[in-house]
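Quick notes on the structure that follows.
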Amino acid sequence: MSLITSSCLLLLRSVSRNITLRRNIHPFISRLYTEGSSQTTAELSKAQLQKLRDQEQRFKRRLRSVHRKFAEVPENSELQGQNHVYFEDGKGIYRSTLAQDEQEMLEVFSADWGGDGYGTIQRVRLSPSETMLAVTVKKDHHEETRCMLVHLGGAILHQKALLVLDNVLSFEWATDDVLFYSTQETLQCLHVFRLHLSNAGVQTTLVYEEKDPEFFVEVSRSRDQRLVTINCSSKISSEVWFVDSKTPLLFPTLIQSRQPGLLYYVEHSDSYLFILANTGANQEYQLLRAPLTSPSMSHWVPLFSAVPGTVIKDMELLQDHCVFTVKDSQCQLHIRTLTTQEPYQLNTHQLPHWACDLSPQRVGTVDRGSFGFLLSSPVHPPVHYLYNSRKQKLSIIEDNTKYISLTDFNTTRLQAASQDGTLVPLTLFHMPALSELHKVPLLLHVYGAYGVDLNMAFSPEKRLLLEDGWALAYCHVRGGGECGLAWHRAGSVLQKRRGVEDLAACIQTLHHLRVSHPALTALTARSAGAVLAGALCNHNPQLLRAVILQAPFLDVLDTMQDPSLPLTVEERGEWGDPCIKEHRDNIASYCPFHNIRPQLYPSMLITAYSEDHRVPLSGVMKYVERLKKAIQMCTTRVDVNAARVPAVILDLQPGGDHFGPEDFHLSLNESARQLAFLYKELGLDQQKKQTETKRTVK
């Protein structure tokens, strides 16, 4: 299993996901349409959205078309067992026997079995001998999950769950009858249980309890299936415990106790632990090894460090090789042999220039001699690759080659000099040559928090924009993880403003290179990325014409001052502790809500979800109200053309889908609405109408 991916994936769904869940806001919502100012905001926004309805319908048709065009792109929907291959489509799991073509797929699980509105599959795990299946399903429009165990043994499949467990986030099989799982309550994961299925019945035992609310706990499994690991992580340190699958009923063993500043993740092979820890130069990741019987840090022996100028992003441990995903300006694979004596052999594989996202293949009972993964970019569909350690060969899976030639666009990697001289990476996608981009619309993307990379996986919506002539820019600012752990540290806590400066530098650099201009420039951000976007709009509103914010975190100061909220304490490692004056003053200096001033802002479309527990709706509403008043104050003082008065639209959606709706049709509606807004605010809707009229006349 991918190490950082497995140990961080749930952390990213809480750490990237961690983007700040907050309080139960139902009492506020009940007042939303009865209080005067909020009622005015809701009614005005509804009227503004209604004006976009025709364009929205047109974009829905176009989005359906582009989704159909790429309907056959490879996905991580396949899971291989010892005797069967399993396919998951979000609503069901089906299986067929290995090495038998054209046979009927048999349903082994349906998300409907979750009942009570639980309808989307989240995580799937097969037991080692493929006799049991564990699946979590997510409640529609909410974050609650339910884990169901299904018996797969015998000739007849059980068409219902054998056992149901609520509020389970991560889980792994140690054996066919022992499952370890973590539970989540109020967005905190602090407990791990062992479930034992025996002839005497079901026995559930608490095996780990985290006492520190700054830590998040999740369960993972080594790629060779020997160890189940309990990974405890905060923003600044980590601690790992393990259970040997040969003795699953023993309590966990500690590898290395937590130390401030020490982050590490663990894999296993041939009775050795392979540890990826930030003990390398500049506190970046390096690979170390220790005997399973002597796991503490005093026994860690360094094996591999990244070449200066590159950083290790992930690791897959095969039987006799270690595969590192390494980044400098683009992705590479570094292959390290583990069977020879020192010095270890190292092979490097350059990946395609367009590749921006590497997604490891789902892990079942895997072939430990190979590593499968999908490569994609926001505008290039996924291509399935396979590295075979026995042949030491990287190849494209033959039946997925139809999209490999779809490179009718440019991927340009640039650097922007920030205010303090730091060079900030930029990735730009465009069809015309770089010298011909001055009059094209530009859409910028930013996140810059939690050490998480910008999402650069394939998106049919981004492909549509590219084919419409847009340039798409991804700003890898400090606070994110694109350039390693030091890059994150350089944009967190007291350095958070660096991310805002980096974003401004990226936009200014593009405009200086004559890539678009302010009147055709838009910015999109979601969740914690809205902190940088909102701060930029306060300090440099002239750089943009339009902004799209989704589930935005906009009131950092007031939120971080309320320790009663479930994630406030955990978030201090990212934003700082307002109880410390230096931290409070720093947050106050960039907090989007507290720095709104009377001036002309870019037009904004803000999508919020009524039951989003990660970002308080009250903070979003306060921001919208204050922003509208500031714009009104400015326009009454200065004679402004009515057509230039910024629109501030709140698109309030039902449910608690902080990461956007998982239902395809709801997601399509949301994307179409955002595209309609962009085209209107940048004046592209009129250009489209004129072009379509000319085509009709001809």
Just jot down the side chain to side chain donor-acceptor pair (under 3.5 Å) partners of D357, sequence neighbours excluded, or say none. none
Between Q80, E130, E78, which is the residue that forms a side-chain hydrogen bond (donor to acceptor under 3.5 Å, both in side chains) with Y86? E130
Once rounded to the nearest 0.5 Å, what's the spacing between atom NE2 of H84 and atom CZ of R95? 3.5 Å
Residues two or more places apart in sequence or in another chain: which of them pass ring-ring contact (aromatic ring centres under 6.0 Å, His included) with H445? Y474
Side-chain heavy atoms of E88 within contact of Y94, under 4.5 Å: no
Could you tell me whether a side-chain N or O of W470 sits under 3.5 Å from a main-chain N or O of K462, the two making a donor and an acceptor? no
Side chain to side chain donor-acceptor pair (under 3.5 Å) partners of T422, counting only residues at least two apart: D420, R478
By ring-ring contact (aromatic ring centres under 6.0 Å, His included), Y272 pairs with (sequence neighbours left out) none
Closest contact, heavy atoms only, D328 versus G309: CB-O, 3.7 Å
Are any of the side-chain nitrogens in E143 or K138 under 4.0 Å away from the carboxylate oxygens of its partner? no
Look up atom OG1 in T411 and atom NE2 in H380, then write down how far apart they are to the nearest 0.5 Å. 8.5 Å
Are the side chains of I312 and L276 in contact, using a 4.5 Å heavy-atom criterion? yes
Answer yes or no: is there a donor N or O on one side and an acceptor on the other, between the side chain of E482 and the main chain of L454, under 3.5 Å? yes
Decide yes or no for H476 and M456: does some side-chain heavy atom of the first lie under 4.5 Å from some side-chain heavy atom of the second? yes
Please give me the minimum heavy-atom distance between C147 and V168, naming the atom from each residue. CB-CB, 3.7 Å
Between A533 and A525, which heavy-atom pair has the shortest distance, and what is it? CB-CB, 4.0 Å
Contact check, side chains of Y285 and V311, non-hydrogen atoms, under 4.5 Å: no
Excluding sequence neighbours, so at least two apart, what forms side-chain contact (heavy atoms from CB on, under 4.5 Å) with K439? none
Calculate, to the nearest 0.5 Å, the distance between atoms CE and CG belonging to M105 and D89 respectively. 9.5 Å
Just by distance, do the side chain of T310 and the backbone of V307 share a donor-acceptor pair under 3.5 Å? yes
S127 (side chain) donor-acceptor with M132 (main chain) under 3.5 angstrom: yes
Please answer whether the main-chain N or O of D112 pairs with a side-chain N or O of S110 as donor and acceptor at a distance below 3.5 Å. yes
Do side-chain atoms of N231 reach the backbone of S233 as a donor and acceptor pair under 3.5 angstrom? no
Using salt bridge (Lys or Arg N to Asp or Glu O under 4.0 Å) as the criterion, list what pairs up with K327, not counting sequence neighbours. D453
Do other residues, nucleotides or ligands put more than 12 heavy atoms under 6.0 Å from the NZ atom of K91? yes
Measure from the side-chain N and O atoms of N388 to the backbone N and O of R390, and report whether any donor-acceptor pair falls under 3.5 Å. yes
Separation of R526 CZ from Q550 CD (nearest 0.5 Å): 4.5 Å
Walk me through it: do S516 and H511 pass the test side chain to side chain donor-acceptor pair (under 3.5 Å)? CA-CA 6 Å; S516 195; H511 289 168; 5.2 Å; no
Of all heavy-atom pairs between L682 and L520, which one has the smallest distance, and what is that distance? CD2-O, 3.4 Å
Could you walk me through whether F171 and V219 pass the side-chain contact (heavy atoms from CB on, under 4.5 Å) test, one step at a time? CA-CA 6 Å; F171 53 95; V219 177; 5.9 Å; no
Is there a side-chain contact between L394 and L333, using heavy atoms and a 4.5 Å cut-off? yes
Any donor-acceptor N or O pair under 3.5 Å, side chains D224, S269: no
Would you compute the distance between atom OG of S377 and atom NE2 of H353 and round it to the nearest 0.5 angstrom? 10.5 Å
Just to verify, what does S305 make a side-chain contact (heavy atoms from CB on, under 4.5 Å) with, not counting sequence neighbours? Q286
For a quick test of your reading: what N or O donor-acceptor pairs under 3.5 Å do the side chains of residues 428-437 make, sequence neighbours left out?
unit_1 : atom_1 : unit_2 : atom_2 : d
H430   : ND1    : P432   : O      : 2.6
H430   : NE2    : T412   : OG1    : 2.7

Answer yes or no: is there a donor N or O on one side and an acceptor on the other, between the side chain of E284 and the main chain of A486, under 3.5 Å? yes
Does the side chain of V323 come within less than 4.5 Å of L318's, by heavy atoms? yes
Output, in order, the C-alpha distance, side-chain angles, deciding distance and verdict of side-chain contact (heavy atoms from CB on, under 4.5 Å) for M315 and T325. CA-CA 6 Å; M315 180 183 86; T325 303; over 6 Å; no
Partners meeting salt bridge (Lys or Arg N to Asp or Glu O under 4.0 Å) with E461 (sequence neighbours left out): none
Is any side-chain heavy atom of V150 closer than 4.5 Å to a side-chain heavy atom of I93? no
Does some side-chain heavy atom of L273 sit less than 4.5 Å from a side-chain heavy atom of E267? no
Shortest non-hydrogen contact between L126 and G81, atoms and distance: CD1-CA, 3.9 Å
Note: I121 and G92 closest approach over all heavy atoms is CD1-N, 3.6 Å
In this structure, is the centre-to-centre distance between the rings of H321 and F371 below 6.0 Å? no
Compute the centroid of each ring, for Y679 and then for F59, and state whether the two points are separated by less than 6.0 Å. yes
Side chain to side chain donor-acceptor pair (under 3.5 Å) partners of E467, counting only residues at least two apart: K69, R463
Sorted by chain and number, sequence neighbours left out, salt bridge (Lys or Arg N to Asp or Glu O under 4.0 Å) with R226 holds for D244
Are F70 and F458 close enough that their ring centres sit under 6.0 Å apart? yes
Does Y387 form a ring pair (Phe, Tyr, Trp, His ring centres under 6.0 Å) with F373? I'd like the steps, not just the answer. CA-CA 9 Å; Y387 173 75; F373 57 93; 8.7 Å; no
Would F304 and F324 count as a close aromatic pair, with their ring centres under 6.0 Å? yes
Starting at CG of N83, measure out to OG1 of T97 and round the result to the nearest 0.5 Å. 8.0 Å
Hey, mind stepping through D320 and R336 against salt bridge (charged side-chain N to carboxylate O under 4.0 Å, His left out) and telling me if it holds? CA-CA 9 Å; D320 52 5; R336 192 82 167 184; over 6 Å; no
Would you please name every residue forming a side chain to side chain donor-acceptor pair (under 3.5 Å) with R514, sequence neighbours left out? none
